[in-house]
Amino acid sequence: MKYMGSKRWMLQNGLGEVLRSVCSRTRRFVDLFAGSGAVACHVAQNYSLSVLASDLQEFSVVLTRAVIGRRFPLDATRIWARWFEQAKEGCSRIHTPSAQRITHGVVRDCRAWSESQDRCPITQAYGGHYFSPTQAVWIDLLRRALPEDEPTRTVALAALICAASRCAASPGHTAQPFQPTRSAKPHLQKAWEKDIVAYTRKSLSTFASQFAREEGEAIVSDANDVARTLTAGDIAFIDPPYSGVQYSRFYHVLETIARGRSGRVSGVGRYPPRSLRPQSKFSVKTHSLNALEELLQTVAERHVRAVLTFPEHDCSNGLSGSLICDTAGKFFRATVKEVERKFSTLGGNNKTSETGNGREARQTARELILVLKPRD
């Protein structure tokens, strides 16, 4: 799963050790910004405590719930056999245009054909852009044929979202798709050649084998709202946005797959209407500090310990490591740990290799891990 600021790597580089220490003395772990679900799933799989995860985006909640929402493995082979059989029934009735050799004309024809498919919302919105027509149709067919019973349905949907993330023809995230330009055409071709069905089946096998020690819950909600429900004995995990651009801009394709609808899309990025893209105050430069201070004050007033992670450097949403530490110090006694990690620059460019003046898609940075204890 490609996700900006994912904590999966940090779990092996300091964060896992911190979590082991705090989780041994708590009854519930609450992840207020679930994101890719890496931290919530790690805790649920390794510790016998209840996990509550929240995020503004539905796709995040689906990915997280697929693991923390059950205490037993699923039979991926049986699930896939029934799911795929039902999905492929509609495949023979749809004849997609060929995209074996990508040219401007081929891409234009693929986009025109896709936009005419009013019974296939993913294809109509993203076919010929983030996905080839064939890939997009399969996403629609698999989405339509999802199992009805839970937790199988959630696990299957999570597998489809993960597969779409790995196959999307975009530089790291789904903010903008590759275009058939001279430099990007090879990347577009490679992405469109990926077998979305095979990726889905592999992701299903992975999700089906993962489960929690204690059944948890994942919900769509604002972090500050969830914080007001915390009680003494909880541990809050706080990993707020570091981008001044709304995260929903980078994951709208995955959100559309999770919801099954996009509304009318527009622009090069094929963005859904703003009303369908969750907005966080933490990604608004003029509101991020107030939102953070409100959150930390609420957590402290609830007498809840917390673990907070954030990049050390100045970030585009107006927050920085030093500002995070100063704000946390108003309400908590803080222990600070620094680790190195790779973070996303939201898509690099090829000027780095040519001139040395561009930026890489991922760069090494310092990350702060704050362990927070209320002052009283």
Side-chain angles (χ1 to χ4, degrees), residues 1-2 58-59 83-84 86-146 156-157 159-181 184-201 203 248-273 276-277 347:
M1 171 69 191
K2 297 183 291 187
E58 178 70 26
F59 86 88
W83 183 21
F84 178 68
Q86 185 172 346
K88 76 175 184 179
E89 288 180 3
C91 187
S92 61
R93 298 191 295 270
I94 303 177
H95 302 285
T96 59
S98 173
Q100 290 185 344
R101 182 176 178 274
I102 289 181
T103 65
H104 280 275
V106 167
V107 171
R108 182 180 61 249
D109 292 345
C110 287
R111 291 177 177 178
W113 180 88
S114 297
E115 289 177 17
S116 70
Q117 305 304 303
D118 54 6
R119 296 188 62 189
C120 297
I122 307 301
T123 303
Q124 190 171 53
Y126 304 123
H129 296 270
Y130 293 98
F131 306 106
S132 72
T134 300
Q135 289 174 325
V137 165
W138 270 115
I139 294 173
D140 273 309
L141 292 174
L142 288 165
R143 180 71 175 75
R144 193 180 302 163
L146 285 171
L157 181 54
L160 184 59
I161 291 169
C162 189
S165 171
R166 299 190 66 185
C167 293
S170 56
H173 311 292
T174 57
Q176 289 191 358
F178 292 125
Q179 301 299 323
T181 62
K185 194 183 299 181
H187 301 292
L188 182 59
Q189 183 84 60
K190 183 178 180 181
W192 279 16
E193 289 174 350
K194 291 181 177 180
D195 186 342
I196 188 75
V197 175
Y199 274 88
T200 304
R201 183 176 187 177
S203 293
S248 57
R249 181 173 185 264
F250 300 103
Y251 301 105
H252 64 91
V253 175
L254 307 186
E255 189 73 353
T256 293
I257 295 172
R259 295 182 177 189
R261 59 188 177 89
S262 68
R264 183 179 294 276
V265 299
S266 62
V268 175
R270 310 292 288 172
Y271 303 117
L276 296 180
R277 288 183 280 142

*Check: Y271/R249 side-chain N/O donor and acceptor closer than 3.5 Å*: yes
Across all chains, not counting sequence neighbours, the ring pair (Phe, Tyr, Trp, His ring centres under 6.0 Å) partners of W192 are none
Taking all heavy atoms of [X] and all of [Y], pick out the closest pair and write down the distance.
{"X": "P177", "Y": "V268", "result": "CD-O, 3.3 Å"}
{"X": "L146", "Y": "L157", "result": "CD2-N, 3.7 Å"}
{"X": "A258", "Y": "E58", "result": "CB-CG, 3.9 Å"}
{"X": "S98", "Y": "C110", "result": "O-SG, 4.1 Å"}
{"X": "E115", "Y": "Q124", "result": "O-NE2, 3.1 Å"}
{"X": "G128", "Y": "V107", "result": "O-CG1, 3.9 Å"}

Please evaluate residues F84 and T200 with respect to the criterion side chain to side chain contact (heavy atoms under 4.5 Å, CB included), reporting the C-alpha separation (whole Å), side-chain torsions for both, the decisive distance (0.1 Å), and the verdict. CA-CA 10 Å; F84 178 68; T200 304; over 6 Å; no
What's the verdict on side chain to side chain contact (heavy atoms under 4.5 Å, CB included) for W138 and K88, showing C-alpha distance, side-chain angles and the deciding distance? CA-CA 8 Å; W138 270 115; K88 76 175 184 179; 3.7 Å; yes
Give a yes or no answer on whether the side chain of [X] reaches the backbone of [Y] with a donor-acceptor pair at less than 3.5 Å.
{"X": "Q135", "Y": "K194", "value": "yes"}
{"X": "T123", "Y": "S114", "value": "no"}
{"X": "R143", "Y": "I257", "value": "yes"}

Supply the atom-to-atom distance [X] [atom1] to [Y] [atom2], rounded to the nearest 0.5 angstrom.
{"X": "I139", "Y": "I196", "atom1": "CD1", "atom2": "CD1", "value": "4.5 Å"}
{"X": "R144", "Y": "I122", "atom1": "CZ", "atom2": "CD1", "value": "10.5 Å"}
{"X": "L254", "Y": "H173", "atom1": "CG", "atom2": "NE2", "value": "10.5 Å"}
{"X": "I94", "Y": "C120", "atom1": "CD1", "atom2": "SG", "value": "4.5 Å"}
{"X": "E255", "Y": "I161", "atom1": "CD", "atom2": "CD1", "value": "8.0 Å"}
{"X": "T256", "Y": "R277", "atom1": "OG1", "atom2": "CZ", "value": "10.0 Å"}

More than 12 heavy atoms of other residues, nucleotides or ligands under 6.0 Å from CZ of R270: is that the case? yes
Residue pairs passing the salt bridge (charged side-chain N to carboxylate O under 4.0 Å, His left out) test with at least one member in residues 100-113, sequence neighbours excluded, are none
Heavy-atom side-chain contact between R259 and L276 under 4.5 Å: yes
TODO: Evaluate the side-chain proximity of P180 to T103: yes if any heavy-atom separation is below 4.5 Å, no if none is.
DONE: no
Contacts satisfying ring pair (Phe, Tyr, Trp, His ring centres under 6.0 Å) that involve residues 94-126 (not counting sequence neighbours) are Y126-Y130, Y126-H252
Check step by step if side chain to side chain contact (heavy atoms under 4.5 Å, CB included) holds for Q117 and V137. CA-CA 9 Å; Q117 305 304 303; V137 165; 5.8 Å; no
